[in-house]
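First up is the structure itself, then whatever we jot down about it.
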Amino acid sequence: MSEEKPFTTGSGNIFIDLGFSEEEAAELSIKSCLFRKLQQALSESELSQTELAKKLGVKQPHVSEILTGKMSGFSTERIAKYLLRLNYDICLDAHPAPPGTNGGRVLEIEKNRLAATS
């Protein structure tokens, strides 16, 4: 018979659950959102990795790193630059958090709806 393992409910933000500060978690949430969009754009492209690399102004191994999820080697600014080179619009917004919340949150805009990522 196997023992039942304790179950812990997450906070709703994987980066907080991994021990990052709220500020670091917010930055990583923004970066990962843009990175996922970049991965999607590259995956859905009909171009080869070599052609994509040329369009992004990088060497082909960088395209492969993106497609395999190696986000750590890329800054948020670089990821945004690549999306712009792929002819993507980037939409950012900021507004006061609802009353009663402790600090702001990072919200992801997905198909005309907001989804909290923290």
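Because the structure is predicted, anything quoted here is derived from the model rather than measured.
For Thr76, there are no side chain to side chain donor-acceptor pair (under 3.5 Å) partners at least two apart in sequence or on another chain. Among residues two or more places apart in sequence or in another chain, the side chain to side chain contact (heavy atoms under 4.5 Å, CB included) test is passed with Glu23 by Ser21, Glu27. Taking Arg85 as the reference, nothing meets the side chain to side chain donor-acceptor pair (under 3.5 Å) condition, with sequence neighbours excluded. The side chain to side chain contact (heavy atoms under 4.5 Å, CB included) test applied to Ser72 returns no partner, not counting sequence neighbours. Legend: residues meeting side chain to side chain contact (heavy atoms under 4.5 Å, CB included) with Ala26, ordered by chain and number and at least two apart, are Val106. Contacts of Ala41 classified as side chain to side chain contact (heavy atoms under 4.5 Å, CB included), with partners at least two apart in sequence or in another chain: Leu86, Tyr88.
Between Ile79 atom CD1 and Met71 atom CE the span is 6.5 Å, to the nearest 0.5 Å. Here the straight-line distance linking atom OG of Ser29 with atom CD1 of Ile16 works out to 8.0 Å at 0.5 Å rounding. To the nearest 0.5 angstrom, Lys31 atom NZ is 9.5 Å from Arg78 atom CZ. Residue Leu28 holds its CG atom at 11.0 Å from CD1 of Ile14, rounded to the nearest 0.5 Å. Taking CG from Leu83 and CG from Leu56, the interatomic distance works out to 9.0 Å, rounded to the nearest 0.5 Å.
Smallest separation of non-hydrogen atoms from Phe20 and Ala25: CB-N, 4.2 Å. Between Ile66 and Gln39, the closest heavy-atom pair is O-NE2, 2.9 Å. For Ala53 against Lys59, the heavy-atom pair with the smallest separation is CB-C, 3.7 Å. Scanning both residues, Gly69 and Phe35, for their nearest heavy atoms gives CA-CE2, 3.9 Å. The nearest pair of heavy atoms linking Asp17 to Gly12 is OD2-N, 4.3 Å.
Sequence neighbours left out, the pairs with a member in residues 41-50 that pass side chain to side chain donor-acceptor pair (under 3.5 Å) are Gln40-Glu44, Ser48-Glu51, Gln49-Gln60.
Contact check for Tyr82 versus Leu42: no side-chain heavy atoms found under the 4.5 Å cut-off.
Ring geometry, Phe74 versus His62: the interplanar angle exceeds 60°, so the pair is classed perpendicular (tilted spans 30 to 60°).
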